[in-house]
Structure formats: structure tokens, C-alpha cells
Amino acid sequence: MGKLAAGVAVVCAAAACAAAALVVRHHMRSSGKWGRAVAIVREFEKQCGTPIAKLRLVADAIDVEMHAGLASEGGSKLKMLITFVDNLPSGDEKGLFYALDLGGTNFRTLRVQLGGKEKGVVNLESEEVSIPPHLMTGCSHELFDFIAAKLAKFVSSEPEEFHPAPGKQRELGFTFSFPVRQTSISSGTLIKWTKGFNIEDAVGEDVVGELTKSLEKIGLDMRVAALVNDTVGTVARARFSNQDVIAGVILGTGTNAAYVESAHAIPKWQGLLPKSGEMVINMEWGNFHSSHLPLTQYDKDLDSESLNPGEQIFEKIISGMYLGDIVRRVLLKMAEEADFFGDTVPPKLKIPLILRTPDMSAIHHDASSDLNVVGTKLKDILEINNTSLKMRKLVVELCDIVATRGARLSAAGIFGILKKIGRDTVKAEEKQKQKSVIALDGGLFEHYTEFRSSLESTLKELLGDEASDSVGIEHSNDGSGIGAALLAACNSQYLGVQDF
């Protein structure tokens, strides 16, 4: 019995050793996997780095591209489009003006009552209309007839005291958020459709002419006074209440910037110089590209799999359409190479654009002690369960890396504009500091607090203490609606004639 007991003891000891070794191996393997996951994030963080010296190089590159784009058509990745807006709101505008905002599957009609400096925007009414899908791929006249009919119905609800005097037309600002080659303040030919529209007979046609024909057909006596881009509208909207506004930037699903340039600084301008001596330039800055941009393999893969490979590179690393997807791509690599979410890769993690930027923002802003929001978002969107607190913390960190890079590059873009027009420093001879205000709009800027504060602090860092005192950022809401109506007011045929 003694020998048997001893044998059993030896076997038990061996089993215990094997079990202990298994636990150690499992711990080593799991800590090895955790280490690999952390290493992926650290490597990504390094590649996304935006030290101030790099941001200055990005701003310099934007400045160079701006000069090139103003010198000749096609001379730069930045289109630097002449908008024919040489007359921005003074704040004195009064009267009733309409706006039509066509930018996607819906359009808005607006009625804006302006009361000058004292009263500002006195009254605003608007209506949103869905465009039936068949009109998005049919004939040009069908789409514009539909829009004109809805606009006429909206006009019919106009209060009697605002009816125009006999012989006077109502005036409209038309925001048309598709690529257009502008030929005057109130005309422009459609280059191509985007956002699901494909109406072949409208390409190459003047969109204002098409709308006007439809308005005449139904007897609505209304003149399109201004054809505008939503970014230009953002500048106009902000300038109405603040004469120090010199640029507008949209940071939303997409991104763009427009700014006020000296007419003398536009070599490609062929016409007579405008009386104001100024011209608003639509940069189309989403297409900016430079070797100084901190691009990673995830960004390159996102670009090659997108609908427009090789285009809009700047937009793809700073705008709301893409930030969440960059986070998803890094999480997918962590799942594939480090079993970050367990032995199998969660299938939902492989779906492009499934992680939207508003969800990324909610994850980033989670202030709960157990990061409950992070856990819920991972479960609801990606069907990932049972995440530990340290996993959630790493996911938050990943969101911070992506958002910070986007925000700091956006600030570098704004600094590039300030540099181009000589507003990046305070000149010694200036007794009174010249104020420069940048108007910003878009959901990313408005709702993603961490993004916004990073952008603002980075711009201050780039400008330095003295210059940053003279540069401000303000939120300008609804440039595509109110801004368009204001530009109709600035370009009214009754200016100087009409007693508002």
C-alpha cells in the first residue's frame, strides 16, 4: 500500500505541475496577446504623430498649394475656385429673401426676414422636402419642375405684408452642393453629380437656368440672385453679425474651407477687378495632399477601398465620414493579430463604415468609472460582449489618437489660410490688432467636444500667444440656408434702389 500511495502522490504532483505550467503558458500567451494589441496601438500612435514642427510643414504646404491654385486652373490639388462672391454682408441687409438648399436626397426651402444691424435675422421659416428616388436618375426638367412646385407652395404661405410691390421680383439664394463650374454670381454649369444623383442631361448645363425655366413654367416670378456653395454660405452667415470674419470651414461628414482673398492675389482671374477689391475663394481643401501628412497603412487601405481612390486624402483623415472607420480598421487588426476580442474575429468588425463617428465620439467622451458606454457601443454595434475595463480603456485611447490627429491637422489647415493672407502674425507697425475670425460649422466641430477643444488649442499653439489673441473661432450655424439668403440680399437687383 505504501508503494501505491507513493505512486499516486507522484502522479498527483506531476498533474499539479502540468496544470501549473498550463496556467503559466496561458498567462504568458494571453499577456503576449495583450502586449501585441498594445504594440499595434502604440505603433499606430507613433505613425499618427502631429508634433508642432510637422504641423508647420503641413501649413506651409497648404500655403504653397493655395498660391499654385490661384495662379492657374489645375495648377494645384486645391481647386481654389473663384466664387464671384465679391460682396459679403455688411450687417445692414434688410428685407425678405428666400433660399433653396439642395445638397442630397432632401432639399430645404427657407424664408428669411432680415432686420439690419439692430435686429439681425428677424424671422426664419423653413421646410424640408424628400426627393423621390426616381427623380434622382430621371430627366433634368422633372427634378427642377418638382423643386419649383414645392418652392411655389412654400411661397404661397408668405404673409401678406411681405408680398413684393407690383413689378418687383422675389429673390433667392441657391445653395447647390454638387461640383459646379461657376460662371458668375448667379450661374454655374454642373460638372458631375454625386450623392446618388445621376441625371445625364443636366451635366454641362447651367443649374440656375434649369431652375429658372421651371419657375417660369409655373408662373413663379422669382430671380436667383446668388448661386453658392455651403462653405461660402458659412462665411456670409458669420460676416452678417461679425465683420472680422475672414474664412469659413465646414467639419462635418465632409470638409471644406472658403476664405476672403485680395482680388490682386488671384493671377488666374480674367475679369475686371471687383469694386470691393476682394473675392471669396472656395478652396475645396478636402483634396489637399502632401508628403508631410501623417498617413498610416489603415488610411491607405481606406483610400484604396473608397469610391474615389487617390482623391480627397485630407478629407479622409479629418472628416466625420471616415474617423470612425479608421478606428474600426485598427480594432480589426488587433482582433486578427492579437485575439483582442477572443479566439474569433467578430464578423461585424469587418464591415466598412459600421462604426460611425458619432459612436466613436460617444466612446471617446465616456466619463463613467467602468466605461459603460464603451461596453454598450461595442456590444450594440459590433456584437462584441464581455470586454474588460482595460480593453475598453485601450479602445478609448484609440479614439483619442484618431480624433487628435484629425483635429490638429484641421488646425494646421486653418493656420495655412491665415499664413497665406498674412494674418498668422501680429505686425510691429499695427497699433490696433487686426481681428481675424474663422467661422466653423458641421456636426464634427459642433458635437465632438474633444475634437473641437484639440483643434482650438492646437491653433493657439501654432499662432503663439501674441497672434492667437487676435484670432478667434466661432460657430456659424446654417450657412447653406441663412447664408444663401444673405448672399441673395447682397446681390439684390434693387440695392440702392429699393427702400426696404
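Numbers here simply count residues along the sequence, with the first being 1.
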Student: Between D339 and K33, is there a salt bridge with N-O shorter than 4.0 Å?
Tutor: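 Yes.
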Student: Taking only residues two or more places apart in sequence or in another chain, which ones pass side chain to side chain contact (heavy atoms under 4.5 Å, CB included) with S368?
Tutor: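 Only D366, D370, N372 meet the side chain to side chain contact (heavy atoms under 4.5 Å, CB included) criterion with S368.
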Student: Is there a donor-acceptor pair closer than 3.5 Å between any side-chain N or O of R239 and the backbone N or O of L88?
Tutor: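 Judged by distance alone, no pair lies under 3.5 Å.
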Student: Regarding R392 and T387, do their side chains bring together a donor and an acceptor under 3.5 Å, going by distance alone?
Tutor: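 There is such a pair between these side chains.
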Student: Run through D230, N229, T255, L444 and flag the one making a side chain to side chain contact (heavy atoms under 4.5 Å, CB included) with I250.
Tutor: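 With I250 as partner, D230, N229, T255, L444 yield a single side chain to side chain contact (heavy atoms under 4.5 Å, CB included), made by D230.
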Student: Taking the side chain as C-beta and beyond, is there a heavy-atom pair between K420 and E261 under 4.5 Å?
Tutor: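 A side-chain contact under 4.5 Å exists here.
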Student: Would S480 and D101 count as having a side-chain donor-acceptor pair, cut-off 3.5 Å?
Tutor: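 Yes, a side-chain donor-acceptor pair sits under 3.5 Å.
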Student: Would T137 and N198 count as having a side-chain donor-acceptor pair, cut-off 3.5 Å?
Tutor: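 No, N198 and T137 have no side-chain donor paired with an acceptor closer than 3.5 Å.
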Student: Does the pair R328 and D325 meet the rule for a salt bridge (Lys or Arg N to Asp or Glu O under 4.0 Å), with working shown?
Tutor: CA-CA 5 Å; R328 177 196 67 82; D325 202 56; 2.7 Å; yes
Student: Looking at K316 and Y322, would you say the former's side chain and the latter's main chain have a donor-acceptor pair under 3.5 Å?
Tutor: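 No: the side chain of K316 does not pair with the backbone of Y322.
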Student: Is it the case that the side chain of R111 and the backbone of N123 share a donor-acceptor pair, with hydrogens and angles ignored and the cut-off at 3.5 Å?
Tutor: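 It does not hold such a pair.
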Student: With no hydrogens and no angle check, is any side-chain donor or acceptor of S126 less than 3.5 Å from a backbone partner on T109?
Tutor: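 No, the answer is negative, given that no donor and acceptor are paired below the 3.5 Å cut-off.
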Student: Check the orientation of F178 and F176. Use parallel for under 30°, tilted for 30 to 60°, and perpendicular for over 60°.
Tutor: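 Because their plane-to-plane angle lies in the 30° to 60° range, the rings of F178 and F176 count as tilted.
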Student: I want to know whether Y448 and H364 have ring centres closer than 6.0 Å.
Tutor: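 Yes, they do, as the ring centres are separated by less than 6.0 Å.
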Student: Hey, is the main chain of N477 close enough, under 3.5 Å, to the side chain of D441 for a donor-acceptor pair?
Tutor: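 Absent.
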Student: One thing to verify: whether E456 and R452 come together as a salt bridge, which I'm taking to mean a side-chain N less than 4.0 angstrom from a carboxylate O.
Tutor: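 Judged by the 4.0 Å cut-off on N to carboxylate O distance, R452 and E456 do form a salt bridge.
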Student: Can a donor-acceptor pair be found, under 3.5 Å and without considering hydrogens, that links the side chain of T357 to the backbone of M321?
Tutor: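 The answer is no, because no donor-acceptor pair under 3.5 Å joins these two groups.
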Student: May I ask you to decide if L462's main-chain N or O and R56's side chain share a donor-acceptor pair within less than 3.5 Å?
Tutor: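 Looks like yes, one N/O pair under 3.5 Å.
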Student: When you measure from the side chain of T404 to the backbone of I401, do you find a donor-acceptor pair of N or O atoms at a distance under 3.5 Å?
Tutor: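 Absent.
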Student: Taking the side chain from H365 and the backbone from E450, do they hold a donor-acceptor pair closer than 3.5 Å?
Tutor: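 Between the backbone of E450 and the side chain of H365 there is a qualifying donor-acceptor contact (under 3.5 Å).
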Student: Does K333 come within less than 4.0 Å of E336, counting only side-chain N to carboxylate O?
Tutor: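 Salt bridge flag = no for E336 with K333.
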Student: NZ of K54: more than 12 outside heavy atoms within 6.0 angstrom?
Tutor: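 It does: K54 NZ has more than 12 such atoms within range.
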Student: For W285 and E65, run side chain to side chain contact (heavy atoms under 4.5 Å, CB included): C-alpha distance rounded to whole Å, both residues' side-chain angles, the deciding distance at 0.1 Å, then the answer.
Tutor: CA-CA 10 Å; W285 86 350; E65 291 291 325; over 6 Å; no
Student: Under a 3.5 Å cutoff, is there a donor and acceptor pairing between the side chains of D301 and S304?
Tutor: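 No.
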Student: Using a strict cut-off of less than 4.0 Å between a Lys/Arg side-chain nitrogen and an Asp/Glu carboxylate oxygen, indicate whether E127 and K150 qualify as a salt bridge.
Tutor: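 No, E127 and K150 are not salt-bridged.
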Student: Looking at N287 and L78, would you say the former's side chain and the latter's main chain have a donor-acceptor pair under 3.5 Å?
Tutor: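 No, the answer is negative, given that no donor and acceptor are paired below the 3.5 Å cut-off.
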Student: Between R329 and E305, does the salt bridge (Lys or Arg N to Asp or Glu O under 4.0 Å) criterion hold? Intermediate values first, please.
Tutor: CA-CA 12 Å; R329 286 168 183 275; E305 292 164 29; 3.0 Å; yes
